[in-house]
2 protein chains.
Amino acid sequence: MNNVKDIKYIKKFGENLKQIRLNKNLSQEVLAFTADIPISQIGRIERGEINTTISTVKVLAEALDISVKELFDFEIK
Amino acid sequence: MNNVKDIKYIKKFGENLKQIRLNKNLSQEVLAFTADIPISQIGRIERGEINTTISTVKVLAEALDISVKELFDFEIK
DNA sequence: TTTTAATAGCGCATATATGCGTTTAAAAAT
DNA sequence: ATTTTTAAACGCATATATGCGCTATTAAAA
């Protein structure tokens, strides 16, 4: 988290998550409910504030009905 | 981490990481050095003891010279 | 404009990942 | 058999993700 490149990476991850969520017309609230995690968590991930874990990524992918790989399908810069 | 499925998932992730590392004939030590993370961390991830973060996954992928997606390219069960 | 919905953003406690070092065990090489 | 390499498996301090609740802000709808 202290690494500049890492911060860019988690920001990109969050942007990609948000994009996918919006493409499915889901609110943060609905995604949070489906993934069974707090809505505040979704927000912090999308804003790139936190360096989330693979288990959280997995439940998000399941809730979005996509593969985990798709959540990592973005350009690093 | 308290969820049974999550434990299975992080175990599978670790097994996949180990497989990829061995396929490249790299020791945990060399991978740790290249990724600039402690060797103990590599072991704990491969053994499925910890639910690692996306930034760690990213540096591992870079050190292995593969995409992050490849580290998630395994069957969930 | 007023109401409603959606998101941002904060605070706080707890759980856990990380980072670093050390010891033990097993396997491979000599 | 001994040495060397590799990985497992501890312990511990620190940083941070999570979980929960709440308020503020923004945007959209009425």
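A note on names: the letters A, B, ... follow the listed sequences, proteins ahead of strands, and every chain is numbered from 1.
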Enquirer: Using whole Å, report how far CG of Asn51(B) lies from C1' of dT18(C).
Expert: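 One finds 13 Å between C1' of dT18(C) and CG of Asn51(B), rounded.
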Enquirer: Considering only heavy atoms and no angle criterion, is a donor-acceptor pair shorter than 3.5 Å present between the side chain of Ser40(A) and the base of dC10(C)?
Expert: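 There is none.
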Enquirer: For Lys18(B), give me all partners under side chain to side chain donor-acceptor pair (under 3.5 Å), at least two apart in sequence or on another chain.
Expert: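 For Lys18(B), no residue satisfies side chain to side chain donor-acceptor pair (under 3.5 Å) once neighbours in sequence are set aside.
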Enquirer: Can you check the Arg44(B) CZ to dA17(C) P distance for me, whole Å?
Expert: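 It is 9 Å, rounded to the nearest whole Å.
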Enquirer: Rounded to 10°, tell me the angle between the two end axes of the helix from dT1(C)-dA30(D) to dT30(C)-dA1(D), each built from five pairs.
Expert: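 Its terminal axes enclose an angle near 50°.
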Enquirer: Taking side chain to side chain donor-acceptor pair (under 3.5 Å) as the test, write out the residues that go with Glu46(B), two or more places apart.
Expert: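 Applying side chain to side chain donor-acceptor pair (under 3.5 Å) to Glu46(B) gives Arg21(B), Gln28(B).
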Enquirer: Classify the nucleic acid contact of Thr56(B) as base, sugar-phosphate or nothing, counting any heavy atom under 4.0 Å across all strands shown.
Expert: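 The residue Thr56(B) makes sugar-phosphate contact but no base contact.
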Enquirer: Mind jotting down which residue pairs meet the salt bridge (charged side-chain N to carboxylate O under 4.0 Å, His left out) criterion with at least one end in residues 51-71 of chain B? Sequence neighbours excluded, please.
Expert: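 Qualifying pairs: Asp6(A)-Lys58(B), Asp73(A)-Lys69(B), Lys58(B)-Glu62(B).
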Enquirer: Would you kindly give the CG-to-C1' distance between Asp36(A) and dC20(D), to the nearest whole Å?
Expert: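 Rounded to whole Å, this separation is 13 Å.
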Enquirer: Checking Asn51(A) side chain against Ser55(B) main chain: does a donor-acceptor pair fall under 3.5 Å?
Expert: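 Pair found, side chain donor or acceptor close to backbone of Ser55(B).
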Enquirer: So if you build clusters from Ile, Leu, Val, Met, Phe, Trp, Tyr with side-chain heavy-atom gaps below 4.5 Å, do Ile45(B) and Leu26(B) land together?
Expert: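 Ile45(B) and Leu26(B): one cluster.
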Enquirer: Mind telling me whether Phe74(B) and Phe13(B) have parallel, tilted or perpendicular rings, with 30° and 60° as the class edges?
Expert: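 If you compare the ring of Phe13(B) with that of Phe74(B), the planes turn out perpendicular.
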Enquirer: Please determine whether a side-chain nitrogen or oxygen atom of Gln41(A) lies at a distance below 4.0 Å from atom OP1 or OP2 of dT18(D).
Expert: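 So the side chain of Gln41(A) is within the cut-off, an N or O lying under 4.0 Å from OP1 or OP2 of dT18(D).
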Enquirer: Round to a whole Å and report the spacing from CD1 of Ile37(B) to P of dT16(D).
Expert: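 That distance rounds to 16 Å.
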Enquirer: Roughly, in whole Å, what's the span from CD in Glu15(A) to P in dA8(C)?
Expert: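 It is 12 Å, rounded to the nearest whole Å.
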Enquirer: Let me know the distance between CD1 of Ile39(B) and P of dA7(D), rounded to the nearest Å.
Expert: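 The answer, rounded to whole Å, is 7 Å.
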Enquirer: Whole-Å distance between dT16(C) C1' and Ile50(A) CD1?
Expert: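 Rounded to the whole Å, the gap is 14 Å.
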Enquirer: Would you indicate which nucleotide in dA8(D), dC20(D), dT18(C) comes nearest to any side-chain atom of Arg47(B)?
Expert: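 Side chain of Arg47(B) sits closest to dA8(D).
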Enquirer: Roughly, in whole Å, what's the span from CD1 in Ile54(A) to P in dA17(D)?
Expert: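 Going from Ile54(A) (CD1) to dA17(D) (P), I get 15 Å.
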Enquirer: Do Thr52(B) and Val57(B) have side-chain heavy atoms sitting under 4.5 Å apart?
Expert: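 A side-chain contact under 4.5 Å exists here.
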Enquirer: Who passes side chain to side chain donor-acceptor pair (under 3.5 Å) against Lys24(A), sequence neighbours left out?
Expert: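 Listed in chain order: nothing, the list is empty.
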Enquirer: Heavy atom of residues 20-30 of chain A under 4.0 Å from DNA chain C: which residues?
Expert: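 Within this stretch, Arg21(A), Ser27(A), Gln28(A) sit under 4.0 Å of the strand.
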Enquirer: Is there a side-chain contact between Val59(A) and Asp36(A) in this structure, where contact means two heavy atoms from C-beta onward sitting under 4.5 Å apart?
Expert: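 No; the side chains remain at least 4.5 Å from each other.
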Enquirer: Output yes when at least one side-chain N/O atom of Lys18(B) is less than 4.0 Å from OP1 or OP2 of dT6(D), else no.
Expert: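 Checking dT6(D) against Lys18(B), no side-chain N or O comes under 4.0 Å of OP1 or OP2.
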